[in-house]
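A short worksheet on the structure shown next.
Each chain gets a letter, A, B and so on, in the order its sequence line appears, and its residues count up from 1.
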There are 2 protein chains.
Amino acid sequence: MTCSGDQLLEMLSALANPHRLRILATLSSMGRTYVSQLAREIGISRPLLHLHLRKLEEAGLVTSRLEISPDGKALNFFEVAPFAIELTPAAIAEAAPSLTATSRHSDS
Amino acid sequence: MTCSGDQLLEMLSALANPHRLRILATLSSMGRTYVSQLAREIGISRPLLHLHLRKLEEAGLVTSRLEISPDGKALNFFEVAPFAIELTPAAIAEAAPSLTATSRHSDS
DNA sequence: CCCACCTGTAAGTAAAATCTTACTGGTGGG
DNA sequence: CCCACCAGTAAGATTTTACTTACAGGTGGG
C-alpha cells in the first residue's frame with residue numbers, strides 16, 4: 001500500500017493517541033457499533049468520542065453509516081476500515097518527498 | 001514485531017510529524033550524518049532538529065554515536081534504526097489492552 | 001407532557017507540542 | 001584573540017490538540 005506523504009501523515013496523526021487506539025481496538029474486536037454504545041464500552045464521554053471518531057474517519061481508518069433501528073431510533077454505526085500500513089525506513093523515504101510544505105511562515 | 005501499547009504509541013507519536021518523517025527519509029537515503037549537516041540538508045534550525053532527533057531516539061527509531069573526526073571535531077552521528085511496524089486493525093487490537101491509563105482525573 | 005434513548009455541535013478552557021531566540025562551551029586555525 | 005566550525009540546552013511565545021460543559025433536536029413510550 002503506497003500512499004502520499006500527506007495521507008500517511010494524516011493516518012499517523014490519527015493513530016498517535018491512546019483513546020483512538022482503544023477505539024480501533026474495540027471496533028476491531030466487537031465489530032460494528034453505534035456511538036453511544038461505544039462510548040459506554042470505552043468509558044469516555046460521547047462528545048469526546050465523537051471528536052476522535054471524526055478524526056479517524058477523516059484519515060480513512062473507520063467508516064460510518066447511519067441506520068434506523070427496528071424501534072425507529074437513528075443509530076450511527078461505525079466499523080474499522082481494512083487498512084494495512086507498513087512502516088519501514090524505506091517506505092517513509094518513499095512517501096516523505098510528497099509531503100507538502102505546511103509551514104505557516106515561509107518555505108523559500 | 002509485537003510491542004507494548006505504550007511503546008507503539010510512542011513510536012506513532014514520534015512519526016506523526018512532517019519534519020520527523022523527513023528526517024527519517026533523509027537519514028535513510030544519505031545514511032549516517034551528523035547534526036549540523038542534517039540540519040542544512042533538511043533546511044531547519046539546529047535546535048529544532050535536535051528536539052526532533054531526541055524524540056525519534058527516545059522512540060528507538062534512530063540511534064546516535066559521538067565520534068571524533070580526523071581534525072578533532074566532536075561529531076554526533078545519527079542513523080535510522082531498522083524498524084518495521086505493521087499497522088493493521090488486528091495488530092492494534094493486540095497492542096491496545098496494554099496501554100496504561102494516562103488519565104489525570106479518574107478512570108472508575 | 002415528560003422521560004429515556006439516540007444524534008450532533010459550539011464555546012470555552014486546560015494541556016501539550018512546536019518553534020524561535022539566546023546562551024554556554026568545546027575544537028582547530030588564521 | 002577572534003573566527004568558523006561542532007555540540008547542547010533553556011526560556012518564552014505561539015499554535016495545536018484535547019477535553020468538558022452546555023445546548024439543540026430527533027424518536028418512541030408511559
Side-chain angles (χ1 to χ4, degrees), chain A residues 6 9-23 32-59 62 64-78 99 101-108, chain B residues 6 9-23 32-59 62-78 99-108:
Chain A
D6 289 333
L9 180 59
E10 191 180 13
M11 291 185 190
L12 288 171
S13 299
L15 289 170
N17 178 284
H19 282 329
R20 292 197 286 270
L21 285 182
R22 265 188 278 262
I23 290 170
R32 348 184 325 112
T33 335
Y34 59 95
V35 183
S36 291
Q37 175 61 31
L38 186 55
R40 278 189 295 267
E41 193 70 30
I42 298 178
I44 64 178
S45 70
R46 229 170 325 117
L48 181 55
L49 175 60
H50 186 265
L51 216 86
H52 288 309
L53 282 174
R54 194 160 61 104
K55 198 153 197 166
L56 286 170
E57 190 167 23
E58 282 174 357
V62 303
S64 70
R65 207 170 68 177
L66 199 82
E67 293 183 11
I68 308 297
S69 69
D71 58 324
K73 301 285 174 58
L75 306 180
N76 200 5
F77 277 86
F78 278 83
L99 281 169
T102 322
S103 56
R104 43 208 139 290
H105 34 288
S106 83
D107 51 22
S108 63
Chain B
D6 288 335
L9 180 59
E10 191 179 15
M11 291 186 191
L12 289 172
S13 299
L15 290 169
N17 178 283
H19 283 329
R20 292 196 287 270
L21 285 182
R22 266 188 278 263
I23 291 170
R32 345 184 327 112
T33 334
Y34 59 94
V35 182
S36 291
Q37 175 62 30
L38 186 55
R40 277 190 296 266
E41 193 70 29
I42 298 178
I44 64 178
S45 69
R46 229 175 328 148
L48 181 54
L49 176 61
H50 186 265
L51 215 87
H52 288 309
L53 282 173
R54 195 161 60 105
K55 197 153 198 168
L56 286 170
E57 190 168 23
E58 281 173 357
V62 302
T63 57
S64 69
R65 206 170 67 180
L66 199 81
E67 294 183 9
I68 309 297
S69 69
D71 57 326
K73 301 284 175 57
L75 306 181
N76 201 4
F77 277 86
F78 278 82
L99 282 169
T100 58
T102 323
S103 58
R104 43 206 141 290
H105 33 289
S106 82
D107 51 22
S108 60

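For dA17(C), neither phosphate oxygen OP1 nor OP2 lies less than 4.0 angstrom from any side-chain nitrogen or oxygen of Asn17(B). Contact annotation: Tyr34(B) does not reach the phosphate of dA7(D) (side-chain N/O to OP1 or OP2, under 4.0 Å). Contact between the side-chain N/O atoms of His52(B) and the OP1/OP2 oxygens of dA17(C) is not found at any separation under 4.0 Å. Side-chain nitrogen and oxygen atoms of Asn76(A) include none within less than 4.0 Å of the OP1 or OP2 phosphate oxygen of dC6(C). Between His50(A) and dT9(C), a side-chain N or O to OP1/OP2 separation shorter than 4.0 Å is present. At least one side-chain nitrogen or oxygen of Arg40(B) sits closer than 4.0 Å to the OP1 or OP2 atom of dC6(D).
The distance from atom CG of Leu53(A) to atom C1' of dA18(D) is 15 Å, rounded to the nearest whole Å. In this entry the distance linking CD of Glu58(B) with P of dA17(C) reads 11 Å, nearest Å. Leu49(A) has its CG atom 17 Å from the C1' atom of dT17(D), to the nearest Å. Straight-line distance from the CG atom of Leu51(A) to the P atom of dA10(C): 11 Å, rounded to whole Å. Rounded to an integer number of Å, the gap from Phe77(A) CZ to dG8(C) C1' is 17 Å. One can place CD1 of Ile44(B) at 18 Å from P of dA17(C), the figure rounded to the nearest angstrom. Rounded to whole Å, the distance from CG on Leu66(A) to C1' on dT7(C) is 8 Å. Atom NE2 in His19(B) sits roughly 7 Å away from atom P in dT20(C) (whole-Å rounding).
Remark: side-chain polar atoms of Arg20(B) are paired, donor with acceptor, to backbone N or O of Ser13(B) under 3.5 angstrom. Judged by distance alone, with hydrogens and angles left aside, the side-chain atoms of Arg32(B) form no donor-acceptor pair with the main-chain N or O of Ser64(B) at under 3.5 Å.
When each of Pro47(B) and Ala16(A) is assigned the nucleotide of DNA chain D bearing its nearest heavy atom, the one mapping closer to the 5' terminus is Pro47(B). Residue-to-nucleotide proximity on DNA chain D shows that, of Arg54(B) and Lys55(A), the 5′-proximal contact is made by Arg54(B). When the nearest nucleotides of DNA chain C are assigned to Leu48(B) and Lys73(B) by heavy-atom distance, the more 5′-ward of the two goes with Leu48(B).
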| task | Might you work through the side chain to side chain contact (heavy atoms under 4.5 Å, CB included) test for Phe78(A) and Glu57(A), ending with a clear yes or no? | result | CA-CA 9 Å; Phe78(A) 278 83; Glu57(A) 190 167 23; 3.9 Å; yes
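With a 6.0 Å radius and a threshold of 12 heavy atoms from other residues, nucleotides or ligands, Arg65(B) has its CZ atom at or below the threshold.
With contacts defined as side-chain heavy-atom distances shorter than 4.5 Å, the pair Asn76(A)/Leu53(A) does not qualify.
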